[in-house]
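In this chain, numbering begins with 1 at the start of the sequence shown.
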Amino acid sequence: QVQPVESGGGLVQTGGSLRLSCAASGRSFSSYAMGWFRQAPGKEREFVAGISWSGGRTYYADSVKGRFTVSRINAVNTVYLQINTLKPEDTAVYYCATGPRYGSSWSYASPSEYDYWGQGTQVTVSS
């Protein structure tokens with residue numbers, strides 16, 4: 001079991017940057033793909049970014065490509081989401097989630113592929 005805990009959200013102005021962190025408990029963190037999702041008020045949870053077990057493969061939603069960067073440091077059981085050039089439409093609660101183990105198939109954009117979710121961290125972008 002790899003339970004994620006997010007941090008790093010806050011209130012920023014349009015065009016600003018944030019780095020979200022996701023610290024995960026568990027000894028086998030490097031065996032799990034990880035993902036970031038977000039949910040804005042009144043909207044469904046949507047995929048933002050995913051990263052493979054070693055970090056060698058990353059995936060992004062079209063709406064964030066070029067602005068968001070996902071990375072991980074397995075030695076410290078942490079996944080990061082660097083968010084640049086923030087827009088008001090990026091306002092949402094951002095969730096980190098644990099995906100499938102190494103060697104499993106992975107539909108990275110589907111929430112059903114993720115077994116454990118953090119409590120979320122709020123990102124608010126003012127215009």
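- Under a hydrophobic-cluster definition in which Ile, Leu, Val, Met, Phe, Trp and Tyr are linked whenever side-chain heavy atoms come within less than 4.5 Å, directly or via other members, Val48 and Val12 are assigned to the same cluster.
- Side chains of Thr124 and Leu11 form a contact here, defined as non-hydrogen atoms less than 4.5 Å apart.
- To the nearest 0.5 Å, the span separating OG on Ser127 from CD on Glu89 amounts to 10.0 Å.
- Follow the hydrophobic side-chain contacts under 4.5 Å out from Phe37 and you never reach Val70; the two are in separate clusters.
- A donor-acceptor pair under 3.5 Å links the side-chain atoms of Glu6 to the main chain of Gln119, judged by distance alone.
- Contact between Thr121 and Gly9 at its shortest, heavy atoms only, is OG1-N, 3.0 Å.
- Atom CD of Gln13 sits in a sparse spot, with 12 or fewer heavy atoms from other residues, nucleotides or ligands closer than 6.0 Å.
- Atoms CD1 and OG, from Ile83 and Ser17 in turn, are 9.0 Å apart once rounded to the nearest 0.5 Å.
- Other residues, nucleotides and ligands contribute at most 12 non-hydrogen atoms within 6.0 Å of the CD atom of Glu44.
- For Ser25 (side chain) and Val2 (main-chain N/O), no donor-acceptor pair under 3.5 Å exists by modelled atom type.
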Before giving the answer on salt bridge (charged side-chain N to carboxylate O under 4.0 Å, His left out), spell out for Asp90 and Lys87 the whole-Å C-alpha distance, their side-chain angles and the decisive distance to 0.1 Å. CA-CA 5 Å; Asp90 294 320; Lys87 305 176 181 180; over 6 Å; no

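- Panel note: side chain Asn77, backbone Gly26; a donor-acceptor pair is recorded below 3.5 Å.
- Atom CZ of Arg38 sits about 15.5 Å away from atom SG of Cys96, to the nearest 0.5 Å.
- Applying the ring-ring contact (aromatic ring centres under 6.0 Å, His included) test to residues at least two apart or on different chains, none of the pairs has a partner in residues 69-97.
- Legend: residues meeting side chain to side chain donor-acceptor pair (under 3.5 Å) with Trp106, ordered by chain and number and at least two apart, are Tyr114.
- Of all heavy-atom pairs spanning Gly99 and Tyr32, the tightest one is O-CD2, 3.3 Å.
- Taking both residues in full, the closest heavy atoms of Ala109 and Pro111 are given as O-CD, 3.5 Å, listed atom of the first, atom of the second, then distance.
- For Ser21 against Thr78, the heavy-atom pair with the smallest separation is CB-CG2, 4.4 Å.
- The distance from the SG atom of Cys22 to the CZ atom of Arg72 is 9.5 Å, given to the nearest 0.5 Å.
- Atom OH of residue Tyr60 and atom CZ of residue Arg67 lie 12.5 Å apart, to the nearest 0.5 angstrom.
- Rounding to the nearest 0.5 Å gives a distance of 9.0 Å between OH of Tyr59 and CZ of Phe47.
- Here the side chain of Asn74 pairs a donor or acceptor atom with the backbone of Trp53 at under 3.5 angstrom.
- Taken together through direct or relayed side-chain contacts under 4.5 Å among Ile, Leu, Val, Met, Phe, Trp and Tyr, Ile51 and Leu81 form part of one hydrophobic cluster.
- For the pair Arg57 and Tyr108, the NZ or CZ position fails the cation-pi test of under 6.0 Å to the six-membered ring centre and within 45 degrees of the ring normal.
- Judged by distance alone, the side chain of Gln82 and the main-chain N or O of Thr69 form no donor-acceptor pair under 3.5 Å.
- Taking the side chain as every heavy atom from C-beta outward, Trp36 and Phe68 never approach each other to under 4.5 Å.
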